[in-house]
Amino acid sequence: MASMTDLIFLLLIFFMITSTVVSPNAIKVLLPQGKEQTSAKPLTRVIIDKDLNYYAAFGDDTEQPVTLDELPGFLQSCAAREPEMYVALYADVSVPYGEIVKVLNIANENHFKMVLATRPPDSDNE
């Protein structure tokens, strides 16, 4: 009976170790639910318009134009001001998915929390 418990513990340890090694291939994002949602932490905004122009702002600051190459530096300076910040990405509906992935990769490489902004489902704006 003692050898059976040893075997169970070995199997348990094996499965615990192998389950932490496996990582999913999906980018996890938090989608806002609507205008009732408030944020407790300062929010950094990255906006991509339909002409693929990038804009960025921290907190209540006004948006300023940035290039894709300048974006990591801007986000790192925002993170230095507020380590618990998260980044909201506002992308026009016509923006190609590849451009959104570029911003998601920048956030992932720098370990920033990312939120994809959406409009409420009952909105009539298109």
Side-chain angles (χ1 to χ4, degrees):
M1 191 66 170
S3 63
M4 183 63 116
T5 56
D6 289 342
L7 181 62
I8 290 173
F9 281 121
L10 287 174
L11 285 174
L12 179 64
I13 291 170
F14 172 78
F15 286 121
M16 286 174 52
I17 291 172
T18 57
S19 67
T20 58
V21 173
V22 177
S23 62
N25 291 331
I27 299 171
K28 294 182 181 178
V29 294
L30 174 67
L31 298 176
Q33 303 223 342
K35 60 185 177 183
E36 299 291 325
Q37 183 177 3
T38 59
S39 68
K41 299 173 186 148
L43 176 69
T44 301
R45 297 179 310 282
V46 176
I47 298 126
I48 308 174
D49 67 9
K50 62 182 177 180
D51 299 321
L52 301 182
N53 297 316
Y54 288 80
Y55 303 91
F58 177 78
D60 293 329
D61 298 345
T62 57
E63 292 82 10
Q64 58 187 14
V66 294
T67 64
L68 190 60
D69 295 332
E70 296 170 341
L71 192 57
F74 176 82
L75 294 176
Q76 289 169 352
S77 68
C78 292
R81 290 167 61 184
E82 178 56 52
E84 293 298 315
M85 70 131 190
Y86 58 93
V87 181
L89 175 60
Y90 296 84
D92 189 85
V93 70
S94 63
V95 171
Y97 187 67
E99 295 297 314
I100 295 171
V101 170
K102 289 177 186 177
V103 177
L104 292 175
N105 284 337
I106 290 170
N108 188 34
E109 289 168 1
N110 293 287
H111 307 289
F112 297 132
K113 298 173 196 155
M114 181 64 94
V115 176
L116 292 178
T118 60
R119 63 175 179 252
D122 56 9
S123 175
D124 293 328
N125 298 334
E126 293 232 356

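All figures in this text were calculated on a predicted structure; none of them were measured in a lab.
Atom CD1 in Ile48 sits 13.0 Å away from atom OH in Tyr90 (nearest 0.5 Å). Taken from CD1 in Ile47 to CD in Glu63, the straight-line distance is 4.0 Å, to the nearest 0.5 Å. Taking OG1 of Thr5 as the reference point, atom CG of Leu10 lies at 9.5 Å (rounded to 0.5 Å).
In the model, Tyr54 has no side-chain atom that pairs as donor or acceptor with a side-chain atom of Glu70 under 3.5 Å.
In plain terms, the two heavy atoms of Thr62 and Ala57 that are nearest each other are O-CB, 3.7 Å.
Arg81 places no side-chain N or O within donor-acceptor distance of the main-chain N or O of Gln76, the cut-off being under 3.5 Å. When atom types are taken as modelled, the side chain of Arg45 and the backbone of Asp61 share a donor-acceptor pair closer than 3.5 angstrom.
Looking only at side-chain heavy atoms (C-beta outward), Ile106 and Leu68 come within less than 4.5 Å of each other. No side-chain heavy atom of Leu75 sits less than 4.5 Å from a side-chain heavy atom of Asn110.
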Let me see the working for Met114 and Val103 under side chain to side chain contact (heavy atoms under 4.5 Å, CB included), right down to the final yes or no.
CA-CA 9 Å; Met114 181 64 94; Val103 177; 3.7 Å; yes
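The side chain to side chain contact (heavy atoms under 4.5 Å, CB included) test with Gln64 is passed by exactly one of Tyr55, Phe58, Phe74: Phe74.
For Asp49, the salt bridge (charged side-chain N to carboxylate O under 4.0 Å, His left out) criterion is met by no residue, not counting sequence neighbours.
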